[in-house]
Every structure is written in structure tokens, then in C-alpha cells.
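Reviewing the structure listed below.
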Amino acid sequence: MESIKALRGFRDVYGEEVEKFSLIESVSRHYLGLLGYREIQIPALEKTELFKRSIGDTTDIVEKEMFTFTDRSGDSVTLRPEGTAGVVRAYVQASFYARERVSRLFTMGPMFRHERPQKGRFRQFSQMDVEVFGVAEPIVDAELIWMIRLILDRLNCAGYAIEINSVGCKECRTDFRQALAAFLEDRKERLCEDCLGRLMRNPLRVFDCKVPQCNEVIQDAPVLFDYLCGECRDHFDQCLDHLKGFGVPVSVNKRLVRGLDYYTRTVFEVTSSELGAQKAFVAGGRYDNLVKEMGGPSIPGIGFAVGMERLASIIPEPPPRNGHVYFLATVGTRAKAFLIPTLKAFAAADTRLAYAPSATSLKSQMKYAAAMGADFVVIVGDEEVDKGKALVRDMKDGSQREVALDPEALPDLLKSP
Ligand code: HAM
């Protein structure tokens with residue numbers, strides 16, 4: 001019968017990659033806990049309106065990339081393309097702000113975007129998403145970026161660059177938008193069909209265009225950074241100062257823009273040249289108006305998301321697990337009776353014991369043990385049962401010794417030389 005394959009852009013994560021995911025998760029949880037973040041789990045499916053209003057109607061994500069469908073009740077629903085919108089919705093819905101001045105939250109899970117799949121770009125991918133609510137001061141901007149560095153360094157991630165910029169506030173953007181629109185208007189004939197539409201609705205989104213000729217045009221376009229108001233400029237300079245204090249090197253990239261509408265002031269991306277075209281593996285920024293736009297009070301926010309697949313692809317393989325792997329080889333019915341008690345005793349002693357569920361001969365069990373990388377094999381046959389002893393073979397040098405055949409005592413007996 002013909003086998004069924006996963007959908008295009010949807011993939012299975014296993015082997016070394018899934019080990020890396022776990023490592024990223026445990027290192028991240030360590031630092032998140034240390035710095036006062038708490039986990040929040042949010043739905044994968046939300047009302048379409050949530051993403052339209054937060055990410056922005058004219059963004060590529062909302063216009064072209066969402067998995068949107070009408071559910072059985074006739075409502076338009078969407079598989080989340082990112083985490084921030086849902087976390088903000090939850091923050092407002094549960095009135096976190098009424099209980100605490102500052103909320104530090106993180107969430108992990110799959111996101112969905114109907115993009116053209118390519119290296120490092122999938123239709124289902126995983127993000128670790130971190131958000132801080134209630135602090136407008138640039139100290140948290142710097143602190144967040146410092147935490148990213150702590151996590152990356154602990155993962156032995158090398159050769160990455162942190163790019164930072166400010167996209168200002170609503171006021172700075174009004175002047176900039178006019179200047180940009182005028183610039184683009186003069187070069188209209190060189191823009192693609194999509195960008196002509198963007199020019200009418202939201203000229204800032206021309207920066208997201210992937211068409212080479214449009215990219216050329218915007219190379220000389222005015223940059224928002226040059227239109228920052230005094231306060232936004234000051235906020236950015238302070239952020240850079242704090243980053244110096246934390247000892248985190250960053251490079252200011254005045255052309256850095258983000259493909260989501262909610263950002264204000266600080267935006268940043270962590271990139272690696274090892275990744276090719278999709279080089280950002282962490283990205284984020286401040287969103288001081290979003291909570292209010294989502295129906296909450298006026299509370300500033302800032303956050304970032306790690307693209308798990310991209311980060312996993314550039315960190316070294318995790319070190320092998322600590323501790324030996326033991327293997328139980330049993331031959332004959334009487335010996336097999338020791339299997340379950342021994343498995344229970346090893347689990348209680350937090351020690352790994354493997355066995356070959358369907359292999360019968362000693363030879364095939366030894367082969368199985370060698371193939372899975374067992375360090376020691378405990379051999380029990382009729383002879384051992386009669387003697388009340390088990391044979392322990394050291395797989396490294398082939399030496400053997402006898403220990404008492406007592407499941408409860410075995411884990412300790414094996415650990416002592
Ligand atoms: P984003 O830049 O859209 O930002 O995505 C963040 C990261 O998710 C990217 O840098 C990338 O590593 C990963 N990513 C995005 N799309 C894909 C894809 N199709 N395949 C594989 N990886 C992908 C956000 O999502 C914001 N919510 C980040 C944020 C949090 N800003 C504030 N708080």
C-alpha cells in the first residue's frame with residue numbers, strides 16, 4: 001500500500017535534532033527561572049482577528065502566510081503564526097496587570113506559516129517565546145538581550161551577531177512614512193506589483209519585499225533611525241549603554257526592520273552566517289502600544305522568539321548522557337523471571353537498564369547490547385540462577401565478574417568496582 005507522507009513544509013524532529021531541542025529547552029528554562037520568568041501555555045488556534053489586529057493587516061504574515069479556515073461553527077480561525085499575539089491576549093484576558101506590575105512570561109511550541117519551504121524555513125516550526133510586560137525603561141531591553149547571550153554561550157553557540165535598531169514611536173513614524181512614501185513614489189516604475197500596493201496601504205512594508213529589484217530601490221531609501229524623536233533616540237542610546245554594562249557586543253543596523261507591525265523602539269535579531277538566506281535565529285523587540293491595541297490598559301511590552309530549528313542547526317551536538325548504560329541479557333524461562341523485578345529496581349535507583357524484548361539467544365542479545373552502546377551487560381542463564389549469581393561483562397575490555405543475583409541490590413553492586 002502507498003505510504004502517507006507528511007505535508008510539505010511539515011517535518012518530524014528526531015535523533016540528534018530532538019536532543020538539541022531538549023538541550024536548548026533545558027538551558028533556556030534554567031536562565032528563564034533564574035531571571036524570574038514563568039511559563040504560560042497558550043492555544044495553537046485563535047480567532048483570526050487576533051493576528052490581524054496585532055501583527056497587522058498589511059504584513060506578509062497576515063496577507064499571505066496564515067493557515068486560516070472556517071471552523072464547523074462558521075468562525076474564522078487561524079493556527080498561530082507566532083507567539084506574541086496569543087501571550088498578549090492571555091495577559092489581557094486574565095488581567096495579569098491587576099496582580100503584578102511586571103509580568104515575565106515564556107511559552108514554547110509549534111507555530112504555523114504558509115511560506116515557501118526552503119532551508120531553515122518550514123510551515124510548522126517551533127519557537128521559544130519570551131515576553132516582559134510593564135517596563136518601559138531600556139534596562140529590560142538590554143537585560144533580555146543579555147539573557148539571550150547567556151543561553152547561546154551555555155549552548156556553545158559560536159559565530160553569531162546581534163543586530164539592533166530602533167523603529168521609534170508613532171510620532172517618529174509619521175514623518176518617516178511621508179518621507180519614505182515620497183521616495184518610493186519617485187521610483188514607482190521600478191517597484192513590483194506587490195510593492196505598489198504596499199506603497200498605498202503601508203509603505204513601511206516595502207522593506208519586507210523579497211524581489212531583488214525592490215531591494216535595490218530601498219537600499220537608498222531614507223531610514224527610520226534618522227527620523228527618531230529625541231525621546232526614542234535617548235531610549236536607544238541608554239539601551240546601548242546598558243548593553244555595554246552587561247558586556248554584550250551588538251552592532252547597530254539602521255536598516256533592520258521587522259516584518260510585524262506591532263514593534264516600537266528597540267528591535268533586534270541574532271543572526272548566523274552558517275544559516276544561509278534565513279539567517280535570523282532569534283528575533284524580537286519592544287511593543288509599547290500592543291497591549292492597549294488588544295483591548296488592555298496602556299502597558300509597554302518587549303520580547304523575542306528563538307527559532308528552535310535554526311538554533312538547533314548551528315549548535316554543537318549535546319554531550320553524551322552521564323552515567324553508564326546497563327543491559328540485562330536473560331537466557332531461559334527461569335532467568336527471564338528476573339527481568340521485571342530488575343527493571344523495577346533499576347528505575348527506582350535512577351539507573352538505565354536496557355534489554356532486548358524479542359531477542360532470545362545470548363549471542364543475539366549481546367549483539368543488540370553492543371549496537372545500542374551498552375557499557376555493561378548483566379548475563380543471567382540457568383547456571384547463574386542455580387548459583388544465585390549474575391555475570392557482568394564490561395563491554396569495553398571484555399572482562400567479566402560475578403555479582404549476587406539480587407535485583408534490588410544489583411544497581412549498587414554494579415556501581416561498586
Ligand atoms: P519572527 O521574526 O517572525 O518574530 O520569528 C522569530 C524567529 O522564528 C525567526 O527569527 C526564526 O528563527 C523563526 N521562524 C520564523 N518563521 C520561521 C519559519 N517559517 N521556519 C522556521 N523558523 C521560523 C516573531 O515571531 C515575534 N513574535 C518575536 C517576538 C516576540 N517579538 C516580540 N516578542
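Just so it is clear, the values below take in all heavy atoms, side chains as well, and ignore hydrogens, waters and symmetry mates. From a predicted model like this one, the values you see are computed outputs, not experimental measurements. Counting starts at 1 for both ligands and their atoms, following the listed order.
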Closest to [atom] among [options] (heavy-atom distance):
{"atom": "atom 4 (O) of ligand 1", "options": "R123, E131, E82, R258", "value": "R258"}
{"atom": "atom 15 (C) of ligand 1", "options": "F122, F112, F125", "value": "F125"}
{"atom": "atom 9 (C) of ligand 1", "options": "G285, G259, S126, A280", "value": "A280"}

For the [atom1] atom on [X], are there more than 12 heavy atoms of other groups (residues, nucleotides or ligands in this structure) within a distance under 6.0 Å?
{"X": "K52", "atom1": "NZ", "answer": "no"}
{"X": "R187", "atom1": "CZ", "answer": "yes"}
{"X": "L34", "atom1": "CG", "answer": "yes"}

Self-check item: ligand 1 to E309 polar contact by distance, N or O atoms, under 3.5 Å
Solution: no
Quiz item: Are any of the N or O atoms of Y287 closer than 3.5 Å to those of ligand 1?
Solution: no
Short list, please: which atoms of ligand 1 are under 4.0 Å from a heavy atom of [X]?
{"X": "F304", "answer": "29 (C), 30 (C), 32 (C), 33 (N)"}
{"X": "Y263", "answer": "26 (C), 28 (C), 29 (C), 31 (N), 32 (C)"}
{"X": "A283", "answer": "2 (O), 10 (O), 28 (C), 29 (C)"}
{"X": "Y262", "answer": "26 (C), 27 (N), 31 (N)"}
{"X": "D129", "answer": "30 (C)"}
{"X": "E115", "answer": "16 (N), 18 (C), 19 (N)"}
{"X": "L260", "answer": "3 (O), 4 (O)"}

Got the closest protein heavy atom to [atom], with its distance?
{"atom": "atom 7 (C) of ligand 1", "result": "Q127 NE2, 3.8 Å"}
{"atom": "atom 11 (C) of ligand 1", "result": "R310 NH1, 3.3 Å"}
{"atom": "atom 13 (C) of ligand 1", "result": "G307 CA, 3.7 Å"}
{"atom": "atom 30 (C) of ligand 1", "result": "T84 OG1, 3.0 Å"}
{"atom": "atom 21 (C) of ligand 1", "result": "G120 O, 3.3 Å"}

Self-check item: Residue pairs involving residues 274-316 (criterion ring pair (Phe, Tyr, Trp, His ring centres under 6.0 Å); sequence neighbours excluded)
Solution: Y262-Y287
Exercise. Please determine, by modelled atom types, if E25 and S28 share a side-chain donor-acceptor pair under 3.5 angstrom.
Key: no
Self-check item: Donor-acceptor pair between K5 and S3 side chains, under 3.5 angstrom
Solution: yes
Self-check item: Between F236 and F225, ring centroids under 6.0 Å
Solution: yes
Exercise. Could you tell me if any non-hydrogen atom of L311 lies under 4.0 Å from any atom of ligand 1?
Key: no
Exercise. Could you list the residues that satisfy salt bridge (charged side-chain N to carboxylate O under 4.0 Å, His left out) with E269, not counting sequence neighbours?
Key: R258
Quiz item: Ion pair present between E115 and R121, side-chain N to carboxylate O less than 4.0 angstrom?
Solution: yes
Practice problem: Before giving the answer on ring pair (Phe, Tyr, Trp, His ring centres under 6.0 Å), spell out for Y326 and F376 the whole-Å C-alpha distance, their side-chain angles and the decisive distance to 0.1 Å. | Solution: CA-CA 5 Å; Y326 297 97; F376 295 94; 5.6 Å; yes
Quiz item: Can you name the one residue among N215, I218, L196, V217 that meets side chain to side chain contact (heavy atoms under 4.5 Å, CB included) with V206?
Solution: I218
